Amino acid sequence: MWSKLTVNMKKLTVIKDKIDQDLAELGGRSLIAQYMIKRIPPQCDPLGSQNRVVICTGIFAGTKLTTAHRLSIGSKSPLTGGIKESNSGGNAAYQMANQGIKMIEVLDVPEESGLWILHIGADGNATLKDAAIYKGCNNYEFSESMKETYGDACAVISIGCAGERLYKNASIQITEFKSGHPSRAAARGGIAAVFGSKGLKAVVIEEPVKKFEVTYVDEDKFKKVCLQLNKVIAEGAKTDPFSIIGTAATTDISGASGILPVDNFSGKFFCDYEKVGAQAFLDKLKSGGGRNRIPCQPGCVVQCSNCYNDPNGNYITSGFEYETIALFGPNCHISDLDAIARMDRLCDDIGVDTMETANSIAVCMDAGKIEWGDIPAVMGLLNELKEGTEFGDLLGQGCEAVGLQLGCKRIPVVKHQSMAGYDPRNTKGTGITYATSPMGADHTAGLTMGRAFDDAGRTGQAYASNKLQVAMCFADSMMCLFAFAHTVPVLPLLGELMAALYGGTSEFTRVATIGVTTLLTERGYNQMAGMTAQDDRLPEFFYTDRSPATGSVFDINDLELEVLFDFG
Ligand code: SF4
């Protein structure tokens with residue numbers, strides 16, 4: 001039987017118990033939606049005592065399904081004011097599963113300010129340890145210190161100075177499998193600030209002496225179907241650009257089609273996109289002695305991660321992704337991959353979302369605070385964020401706050417959260433997802449780019465967004481979406497896996513129902529938190545300012561956005 005840990009930050013206690021019945025067959029995003037709708041008041045103060053943090057594994061955690069060890073972290077978001085599930089790779093969900101822990105709930109706030117680490121030892125004992133000496137310690141130094149104390153296999157989920165300062169752009173960093181670099185991030189929505197409000201510096205999970213063993217209703221059937229699925233995913237990965245190159249491969253497609261955001265979502269075409277494209281990325285890896293095809297979690301056969309070094313072979317960063325390259329790159333008029341890698345490293349270290357932060361910097365450029373493409377000026381602003389200067393504190397409040405303060409006309413946010421690396425005028429289904437996703441503008445909520453639809457046209461885009469938003473809800477409940485993408489021809493196998501693990505029907509509708517229920521629950525939560533149809537809109541400039549690259553505007557009307565969730 002899976003366990004849950006209840007951590008009370010007011011009483012400074014940790015209680016281990018069996019998982020709640022209503023959550024036992026859920027995981028990831030679906031678990032968080034059902035947990036939050038019943039247990040976190042939608043109108044609570046995100047940084048107050050009623051908000052909670054939920055950290056959980058996926059539906060197939062502890063099994064051999066490839067990428068089953070995705071980590072989900074949920075809370076009411078300080079940035080969007082709504083429900084937030086932010087998920088990440090790394091080794092933390094794997095070590096949670098080894099410990100037999102499906103979920104950790106963190107309640108209340110301390111009576112006096114302080115900082116604690118939730119430590120789960122090799123013997124399975126979980127305690128809160130005083131972490132006052134780590135105040136202000138950033139993620140790279142902190143994770144090194146934890147590895148020295150608890151061994152290389154330990155998993156670390158931590159916040160840097162940004163989370164401690166309750167910045168709304170703060171990210172939670174998670175250690176990557178093997179390297180132990182804190183380069184995987186549950187970045188979106190500022191949940192790290194909720195950690196900070198609770199005085200929770202980190203969760204550190206040691207590898208247990210005795211690993212938890214999953215109980216199956218039909219183990220033989222599960223093994224058979226799991227093997228079949230893993231083979232399909234491995235076969236698909238052989239020709240997958242994310243596997244062969246990394247997510248940086250996206251730059252070539254988005255750059256050529258005008259989808260790549262340029263100069264603060266101006267809609268312009270960026271002639272230099274190949275300088276930050278797939279080949280440039282591979283060349284840089286080779287010349288610096290870095291590498292790609294790295295699994296961020298044990299057992300991943302897609303292996304889209306990487307290790308990026310400077311020209312002298314010194315490590316800069318890892319898990320260096322398209323979103324960071326697009327938004328610190330062309331969206332800030334920068335085409336120097338080494339510089340963007342240094343920005344990524346600094347963001348991971350202090351613990352801020354690279355997307356929210358890069359968009360804030362692009363807004364600073366658009367408003368004339370610094371020049372377009374000025375790399376030293378960008379590093380200067382990131383250092384202000386690190387040092388917590390007055391302007392650094394403003395940057396920490398996210399792109400919208402910065403844009404409003406500087407009087408910028410283009411502020412690319414939905415539900416107060418800034419956009420991922422796709423211009424919605426030229427991938428309209430993605431724009432629909434940005435507008436209507438309960439998560440705010442997001443890259444993993446239902447990205448339609450490259451589907452069998454005309455990206456700049458209207459036909460089929462709402463349909464694509466609808467289907468993908470549902471699919472992402474169940475994908476984010478069970479596996480990494482990059483592996484999930486290869487399961488599409490054999491989706492019914494996911495129903496068979498659920499039945500072999502938990503019993504009950506093996507119909508695929510069981511899986512689809514998880515997706516639909518999760519999405520509608522999240523929308524219901526946001527409505528109770530005070531969001532209305534007006535929160536499901538893109539900023540006006542996308543409707544009025546034509547993209548110079550394609551001549552397109554975002555012309556999906558309000559009615560089309562509103563009927564999207566009519567599943568009746
Ligand atoms: S596909 Fe990439 S992000 Fe997903 S688990 Fe594998 S390495 Fe991690």
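All ligand and atom numbering here is 1-based and tracks the order in the structure. Given the structure is predicted, the values throughout are model-derived calculations rather than measurements.
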Taking NZ in K386 as the centre, count heavy atoms belonging to other residues, nucleotides or ligands within less than 6.0 Å. Is the count above 12?
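12 or below, so no.
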Any ion pair linking E219 and K223 (charged N to carboxylate O, less than 4.0 Å)?
yes
Flag the pair E323 and R188 as a salt bridge only when some basic side-chain nitrogen lies within less than 4.0 angstrom of an acidic carboxylate oxygen.
no
Using a distance-only test with no angle check, is there a side-chain donor-acceptor pair under 3.5 angstrom linking T433 and S465?
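Yes - a donor-acceptor pair under 3.5 Å links their side chains.
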Regarding D442 and S437, do their side chains bring together a donor and an acceptor under 3.5 Å, going by distance alone?
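On atom types as modelled, these side chains do not qualify, holding no pair under 3.5 Å.
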Atom indices of ligand 1, in the order listed, that fall short of 4.0 Å to a heavy atom of [X]:
X    : result
R70  : 3 (S)
C300 : 1 (S), 5 (S), 6 (Fe), 7 (S)
Q297 : 5 (S)
V302 : 1 (S)

Which option out of C296, C480, G319, S305 puts a heavy atom nearest to atom 8 (Fe) of ligand 1?
C296
Output yes if C304 passes the N/O/S-under-2.8 Å test against atom 4 (Fe) of ligand 1; output no otherwise.
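It does not; every qualifying atom lies at 2.8 Å or beyond.
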Check: F474 ring centroid to F508 ring centroid under 6.0 Å:
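Between F474 and F508, the centre distance is under 6.0 Å.
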For ligand 1, does I294 get within less than 4.0 Å through its side chain, its backbone, both, or neither, judged by non-hydrogen atoms?
backbone
Side chain, backbone, both or neither: which part of R184 has a heavy atom under 4.0 Å from ligand 1?
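It is the side chain that touches ligand 1; the backbone stays farther off.
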